[in-house]
**Student:** 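The structure is given below, and queries will be raised subsequently.
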Amino acid sequence: MKKELEKRTVTGPDGQTFEVEPLIDYYCEAHPTVQPPAYSKIIENLFNWARSESIWILGFGTGCGAIEMRPLMTPRFDAYRYGIQWRPTPRQANLLIISGYLSVKTLKRVIRSYEQMQSPKYVIGLGSCTINGGMYWDSYNTIKRLDDYLPVDLYIVGCMPRPEALLEGFNTLKRMIRAGNAEGANTYAANFDWYKTNQKRVIHDWDMPDYNW
Amino acid sequence: MRVLHAQLGHHFTLGELVQVRADLAFVTLPKEHLRSAVLHLRDICKFSHLVLMTAVDWLEEERFQLTYLLHNREKHWDLGLRVMIPRVASHMESIHDIWPTAATYQRELKEMFGIDFPGSPGVDESFILEGWKEIPPYRRDFDTRHYAEKTFTQREGRKTEDPAKTMKAKLYPDET
Amino acid sequence: MQQFEWIQIPYSLLTLFIVLNFGLLLNALMAKIAARVGRRRGIPIYQNYIDLIKNYGLRTSITHGIMFYLGPVFRLAGGVGLLLFVPTLYGSEMFSNLSFAGDLILALYFVFFGALGMALGAGESGHPHAAIGVSRGLSQMTMAELPFALAVFSVALQYDTLTISEIVKAQQGSLFHWTLFTNPLAVAAAMLSFLGSMMRPPFDVVLAPQEIPIGPPTEYHSSYLALMQTNRMIFPIAKIVIIMNLFFGGATNWPIFFAKVFLIYLFAVFVGVVFPRFRVEQSIRWFLIWAVPLGVLAIVLV
């Protein structure tokens, strides 16, 4: 547990003393809930179409695969044509790409980022390392199966996959969203305890709230 | 390099000079002399740059070897100082006051090999492995494969092939 | 001066509707032009509509407090108010909106209103990047508004009125009656200041994604963000409308309006794709050295 997250007594500027328990005072304890789709089928279809045509990616490169995302912004591939944009903050992003191997230390940050994203949200596992560990299959510090820890909508295989493979992956994801099959956020909320158990089994020093909104 | 080695020999107990290239050499010296030798090299012999600092685990000999690689910018010489320390309760004098960058190396060595550097800033904080409970993973008696199988769930259907054999069979099918 | 009539309300809403759609398309077009400079195809022309629908359609949102709610609302109110209190088309009964005598002062105030609301909302979000972005944004914006205010006063002195309609009226007749030709110094100062308020390079250090990601809107998401996006479509147009009315002879019908707004916007985009980004202290110094003296000179010479 980090020092700043421990319970402590603070003296205010006007001499008052009060107790602070950061995990309860600074964070919201409510667990995620399953979010139902819009009440009308037509509206939900419209929203799903808009979601599929406007995918905002969180700019968080977790491993070497992040290098394959950069060319997508360049004139040669230009993913902006397909409504795909990069956002610098998890609050505004819809798609988290786990680009390559994921070490346990990064997994902690990834979980926080994922939980700060707003539903509906999607996860793409990029490269072999996210599927079965890839070349890091016997490493002591990288996770082997990403879908134990986060609800993955789509894997893109390869070591590394080319930017073309990524574009094809985005198109597949779009078809899934339009068909209403990409409900990763709801899977996460429904199986929240199972995911948390898995996450805490590998992250030994869990020094954050269970759910970061 | 030979001249330098001879000069250093007046002040410190030095081992044999191992000359790898014209501009790269290694020398072994006792643990107590390291700090003064490093200071001497930096201030008088103009080895102003700490290139890297690393360790080797000699499991059979029950020793760790610490390597300090110094660089002389004027002559483009690299000189590696080797120090042997016992493997049990291993600790070493910190050189973070000579080069501040050494603090990061020492923090990593503490985490990965369990070599302690008393007084080095932040040496006890976790560096990459947060909440590590096993023996330090770069020690050779740490079984990384066993640990990985124990900790992480593996996906079924994974197959390992020797790349050399596979590529040979693929490219030159006649020779097999 | 004309009396208030109820029919003005649907007329103003119609203006708002036209300007919103025009803004959505124009901003996408400008993004495309900037992308073409980088030899990309850029976003589709209808992308802004989809982004808006998506952001309004997100299922969850969180809050950090009351000001966090009100920030985007203030921002949007700033944009809409600015648009509604200046005449969009000169001489048109339908599209002169709620303009009245002395609306110039109100317009100047509205330019700042949204930014202040944004500052309060972003401050409540508690994110350090938001706080840095707000402090940068307010200091840069204050500096950028100074030459604009000077230019506006110069124009007001020149035409001896504070009513935008009167100023536009004085510029009718011929190309050379525009303020651009009768008072070029004021126009120069105002256009330099215009660059600073458009949030495009070289003055976009406040919310450039590559700097502090991404400044004041860091914590904003789903519907809040959609409100702010709506404002980002309306506000530049509203700002350009003022500039067009004051300096470029206004517009008497929609085609001329679209053309003039496009060209004035293109000026900012053109400068933006050519020049690299300023840091805040650099941009403040730049405004002090280049824009403010022009504004002072414009007042003195009038």
Side-chain angles (χ1 to χ4, degrees), chain A residues 1-6 62-63 98 101-112 125 127-152 154-159 191 194-208, chain B residues 54-57 59 64 103-115 120-168 170-171:
Chain A
M1 184 70 83
K2 278 189 205 135
K3 207 176 172 194
E4 61 263 29
L5 288 176
E6 280 165 5
T62 62
I98 308 297
Y101 64 86
L102 189 56
S103 69
V104 174
K105 181 174 178 176
T106 317
L107 176 66
K108 207 160 142 187
R109 279 77 183 163
V110 163
I111 291 169
R112 290 197 70 161
S128 319
C129 302
T130 52
I131 302 173
N132 59 10
M135 61 187 282
Y136 300 100
W137 63 282
D138 60 350
S139 161
Y140 54 90
N141 202 25
T142 57
I143 60 154
K144 312 299 175 227
R145 290 182 57 163
L146 180 60
D147 45 14
D148 279 349
Y149 312 102
L150 290 176
V152 183
L154 187 73
Y155 283 112
I156 301 173
V157 295
C159 182
N191 305 317
W194 184 77
Y195 280 114
K196 279 297 150 191
T197 318
N198 282 342
Q199 289 165 4
K200 284 184 180 171
R201 197 184 312 141
V202 288
I203 300 175
H204 297 305
D205 62 332
W206 186 275
D207 55 356
M208 53 185 184
Chain B
T54 185
V56 182
D57 184 2
L59 180 64
F64 280 129
T104 311
Y105 287 116
Q106 289 168 2
R107 197 173 152 193
E108 190 184 9
L109 288 175
K110 169 82 202 270
E111 184 168 272
M112 290 303 192
F113 286 95
I115 305 171
S120 179
V123 75
D124 291 325
E125 291 166 29
S126 59
F127 189 52
I128 297 169
L129 313 165
E130 294 180 336
W132 187 257
K133 287 175 187 155
E134 308 275 324
I135 57 172
Y138 275 11
R139 292 196 175 203
R140 275 176 55 211
D141 45 359
F142 173 75
D143 188 350
T144 169
R145 186 170 170 181
H146 176 249
Y147 178 82
E149 279 165 3
K150 188 182 72 178
T151 313
F152 305 104
T153 46
Q154 305 279 347
R155 193 186 296 276
E156 295 299 312
R158 191 179 191 290
K159 199 165 71 173
T160 307
E161 282 172 6
D162 180 30
K165 272 186 202 156
T166 315
M167 288 315 286
K168 200 179 169 192
K170 203 170 172 182
L171 294 175

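Scope of the values below: all heavy atoms of this structure, side chains included, with no hydrogens, waters or symmetry mates. Order of the sequence lines fixes the chain letters, A, B, ..., with proteins taken first and strands second; residue numbering starts at 1 for each chain. Note that the coordinates shown come from a computational prediction; the quantities given were computed from them, not determined experimentally.
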**Student:** Are B:Tyr138 and B:Trp132 an aromatic pair by the rule of ring centers under 6.0 Å?
**Tutor:**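 Not close enough - the centres of the two rings lie 6.0 Å or further apart.
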
**Student:** Atom CG in A:Leu102, atom CG in A:Leu150: separation rounded to 0.5 Å?
**Tutor:**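 With rounding to 0.5 Å, CG (A:Leu102) is 8.0 Å from CG (A:Leu150).
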
**Student:** Hey, does A:Trp137 have a side-chain heavy atom less than 4.5 Å from the side chain of A:Asn132?
**Tutor:**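 A side-chain contact is absent here, since even the closest heavy-atom pair is not under 4.5 Å.
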
**Student:** Heavy atoms only, distances under 4.5 angstrom: which of A:Ile143, A:Ile131, A:Asn198 has the most pairs with chain B? Name it, please.
**Tutor:**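 Of the candidates given, the most pairs with chain B belong to A:Ile131.
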
**Student:** Which answer fits A:Thr106, side chain, backbone, both or neither, if we ask what part of it has an atom under 4.5 Å from a heavy atom of chain B?
**Tutor:**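 Neither part; nothing is under 4.5 Å.
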
**Student:** As an exercise, state the distance from OG of B:Ser120 to NZ of B:Lys110, rounded to the nearest 0.5 Å.
**Tutor:**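 That separation rounds to 10.0 Å.
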
**Student:** Does any backbone or side-chain atom of B:Ile128 lie under 4.5 Å from a heavy atom of chain A? Answer side chain, backbone, both or neither.
**Tutor:**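 It is both, since atoms from each part get that close.
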
